[in-house]
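Worksheet for the structure shown next.
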Amino acid sequence: MSETRQIDYVSEIERMKAEKNAVILAHYYQTGDIQDIADFIGDSLALSQKAASTRADIILFAGVRFMAETAKILTPDKKVLLPDMNAGCSLADSCKASDFIKFIKDNPGRTVISYVNTTAEIKALSDIICTSSNAVKIIESLPEDEKIIFAPDRNLGNYILNETGRDIVIWPGSCHVHEEFSLEAILVFKKEYPEAKIIVHPECELPVRMVADFIGSTSALLKFTQKDDGKIYIVATEAGIIHQMKRSSPYKTYIPAPPKDSTCGCSECSFMKLITMVKIYNCLKNEKPEIFVDKDILEKAQKPIIKMMEISEKLGL
Ligand code: 13P
Ligand code: SF4
């Protein structure tokens, strides 16, 4: 038997966590086995808040790079590890710093609000960061006549624009998972299960948002299934969240919304799914790959993230 086969990854990870004073923070889009070994599971906002408050010396991020970078920016003295550096984000990739500088120049006099799904460079160019949990509330907290640039998700941007009626110029980026849900396939399920409620992440396109019974961030969708008296849900976000929905309300039925191309498996985030138990084990053992952010960018990016945390705290989010 090979050495690899003999390792009990879960107990070894537990042992190393205690020995190294490390915590594992996992996003809801991670696979169920990884969510089960995490010290804390959450959406982007909750994970940032947890990273900022942890007393651990090492934060291992079971998520994607922009999330681990945000943790590093908030806790520069801690060691932040990401088990696979290729765990990127198509949305963050859709907004390059050089293009964004030009976009800001072309739209002068506007407050720049960027979604947390951005690189550290984009955060450093922003006035306030937001997540899907607090975006609408953050924008509503600003004076009504304040002109805004929102980046990089056009669907979330349009959703915020509709909700707030504010003057917002939107960067045309998108997420390859949330743009792929098929309205037609969702409606086929809805016909089959008329009592099903359609719950949708705001990164989805307008036609899918229009048929939603509820729109919200991953944590808001989870809370909705916990409090709502329905029994069946068609879930239009990355299917990883269904693990927590099943854990908290096991007697309900959750149907992952199908993608436009039924052969592509693209309702799963291929970046999130790069993180595996074996990679977490190796990462914790070797304490690498480690996240580093250029000092100047880190200092600039810290301000808009802290602003988000302060506004969120004030609003009780
Ligand atoms: P949340 O803000 O709901 O965690 O979403 C993060 C994300 O990557 C959505 O695709
Ligand atoms: Fe990025 Fe989309 Fe994956 Fe979220 S689901 S991490 S936005 S690629």
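In this chain, residues are counted from 1 in sequence order. Any value given below was found using the heavy atoms of this structure, including those in side chains, with hydrogens, waters and symmetry copies removed. Just follow the structure's listing: the first ligand is 1, and inside any ligand the first atom is 1.
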Exercise for the section: Indicate the ring-plane relationship of F103 and F100, choosing parallel, tilted or perpendicular according to the 30° and 60° boundaries. Expected result: parallel
Handout entry: Over 12 foreign heavy atoms within 6.0 Å of NZ, K50
Key = no
Handout entry: NZ/K300: more than 12 non-hydrogen atoms of other groups inside 6.0 Å
Key = no
Practice task
Tell me yes or no: between the side chains of S133 and S217, is some donor less than 3.5 Å from an acceptor?
Solution key: yes
Exercise for the section: Hey, can you tell me if F224 and Y233 have their rings parallel, tilted or perpendicular (30° and 60° cut-offs)? Expected result: perpendicular
Handout entry: E144 atom CD, neighbour heavy-atom count above 12 within 6.0 Å
Key = no
Practice task
Would you check if the distance from the ring center of H243 to the ring center of Y254 is below 6.0 Å?
Solution key: no
Practice task
Please say whether more than 12 non-hydrogen atoms of neighbouring residues, nucleotides or ligands are located less than 6.0 Å from NZ in K96.
Solution key: yes
Practice task
Check each atom of ligand 2 against the heavy atoms of E203 and keep those under 4.0 Å away; list them by number with element.
Solution key: 7 (S)
Exercise for the section: May I ask you to say whether D127 pairs ionically with K307, meaning some side-chain N is under 4.0 Å from a carboxylate O? Expected result: no
Exercise for the section: With 2.8 Å as the limit, jot down which protein N, O or S atoms are around atom 3 (Fe) of ligand 2. Expected result: C269 SG
Handout entry: Crowding at NZ, K137 (>12 non-hydrogen neighbours, <6.0 Å)
Key = no
With the criterion set at N/O pairs under 3.5 Å, what does the list of contacts between the protein and ligand 1 look like, atom names and distances included?
from, atom 1, to, atom 2, distance (Å)
ligand 1, 2 (O), S44, OG, 3.2
ligand 1, 2 (O), S132, OG, 2.7
ligand 1, 3 (O), S132, OG, 3.0
ligand 1, 3 (O), H201, NE2, 3.1
ligand 1, 3 (O), T218, N, 3.0
ligand 1, 3 (O), T218, OG1, 2.8
ligand 1, 4 (O), H27, NE2, 2.7
ligand 1, 4 (O), S44, N, 2.9
ligand 1, 4 (O), S44, OG, 3.1
ligand 1, 4 (O), T218, OG1, 3.3
ligand 1, 5 (O), H201, NE2, 3.4
ligand 1, 8 (O), N117, ND2, 3.1
ligand 1, 10 (O), E203, OE1, 3.1
ligand 1, 10 (O), E203, OE2, 3.2

